[in-house]
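These notes are about the structure you will find just below.
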Amino acid sequence: MAFDVGKTIRDLRKQNGLNIADIAERTNLTISHVSQVERGIANPSLSTLNKISNALGVHIARLFHEIPGKFSVVRASDRKKIFYDSAGSYIELLAGGHDQETVGVYFSHYIGKKLGQELVPHEGKEVFYVMKGEMEVHLEADVVRLKQGDSLFFDSNIPHKVIVVKVPLDTIVVTTSPASFMQTLDKFLPNVSGGNSV
């Protein structure tokens, strides 16, 4: 099982002198659910992580990433995942992305319904590389169709959305602004609230 964000949440909670009941009260989550997230038993949805990060006073990106030293290694067995839906779609960190200044590299595996989302801008630049499946990227009035092996670079300040055309969709996503990317992810994927956990 992939390493989840539970240890990071627990460490930040303790650093802030909070107990699990404090987090539950601030987020309107149950104590048992917060405990399960910390222990890696529950797969937290993005909406849950947003609530917890707000309760801890940190960007959601801080929950997803470790702060590295001179370099960082992410072992295959230790990748942190955020699940999009009950079908098992997820995004996971491959490298970087520990703060607003570094590049974040993610792997996204989408097998749920073929969705369209609202146009969302955020800071930074982005690269999409399609490993499997097909997608459409809407950049305001422009539409770019990407198939397996295709890649796209764009300014993420342009309002954009992704429409999944063919599943499973496996995509590498590179962003120069991981914190803002993570904060807007729930707008890109509005069905995350129906994920594996509350």
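The residues of the chain are indexed from 1 along the displayed sequence.
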Give me each pair satisfying side chain to side chain donor-acceptor pair (under 3.5 Å) with a member in residues 133-154, each pair once, sequence neighbours excluded.
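Counting only pairs at least two positions apart or across chains, the side chain to side chain donor-acceptor pair (under 3.5 Å) contacts touching residues 133-154 are Glu134-Arg145, Glu136-His138.
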Out of curiosity, Leu29 CG to Ile23 CD1, how far, rounded to the nearest 0.5 Å?
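Rounded to the nearest 0.5 Å, the CG-CD1 separation comes out at 9.5 Å.
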Report the distance from atom OG1 of Thr27 to atom CG of Leu56, rounding to the nearest 0.5 Å.
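Going from OG1 on Thr27 over to CG on Leu56, the span is 9.5 Å.
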Phe107: what forms a ring pair (Phe, Tyr, Trp, His ring centres under 6.0 Å) with it, not counting sequence neighbours?
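Applying ring pair (Phe, Tyr, Trp, His ring centres under 6.0 Å) to Phe107 gives none.
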Considering residues at least two apart in sequence or located in another chain, which fulfil the side-chain contact (heavy atoms from CB on, under 4.5 Å) criterion with Val174?
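Here the qualifying residues are Val103, Val105, Val127, Ile172.
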Residue list, side-chain contact (heavy atoms from CB on, under 4.5 Å) with Asn54, at least two apart or on another chain
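Applying side-chain contact (heavy atoms from CB on, under 4.5 Å) to Asn54 gives none.
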List for me each residue that meets side chain to side chain donor-acceptor pair (under 3.5 Å) alongside [X], sequence neighbours excluded, and say none if there are none.
{"X": "Ser35", "value": "Arg39"}
{"X": "Arg10", "value": "none"}
{"X": "Asp170", "value": "His109"}
{"X": "Ser89", "value": "Asp85"}

Do [X] and [Y] come within less than 4.5 Å of each other through their side chains, counting heavy atoms only?
{"X": "Lys125", "Y": "Asp155", "value": "yes"}
{"X": "Glu126", "Y": "Phe181", "value": "yes"}
{"X": "Leu93", "Y": "Arg79", "value": "no"}
{"X": "Leu169", "Y": "Val130", "value": "yes"}

Side chain to side chain contact (heavy atoms under 4.5 Å, CB included) assessment of Thr171 paired with Tyr129:
CA-CA 6 Å; Thr171 310; Tyr129 171 71; 5.7 Å; no
Strictly distance-based, threshold 3.5 Å: is any side-chain N or O of His122 a donor or acceptor partner for the main-chain N or O of Asn157?
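Checking the backbone N and O of Asn157 against the side chain of His122, no donor-acceptor pair under 3.5 Å is found.
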Minimum-distance pair of heavy atoms, taken over all atoms of [X] and [Y]:
{"X": "Leu139", "Y": "Leu152", "result": "CD1-CD2, 4.4 Å"}
{"X": "Thr176", "Y": "Gly124", "result": "OG1-CA, 3.3 Å"}
{"X": "Phe128", "Y": "Val162", "result": "CE1-CG2, 3.7 Å"}
{"X": "Pro121", "Y": "Leu119", "result": "CD-O, 4.1 Å"}
{"X": "His33", "Y": "Ala42", "result": "CE1-CB, 4.0 Å"}

Any pair counted as salt bridge (Lys or Arg N to Asp or Glu O under 4.0 Å), so long as it reaches residues 21-37, sequence neighbours left out:
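Residue pairs with at least one partner in residues 21-37: there are none.
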Using the side-chain contact (heavy atoms from CB on, under 4.5 Å) rule, pick out the option among Ile9, Thr8, Leu12 that qualifies with Val58.
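Testing each of Ile9, Thr8, Leu12 against Val58, the sole residue satisfying side-chain contact (heavy atoms from CB on, under 4.5 Å) is Leu12.
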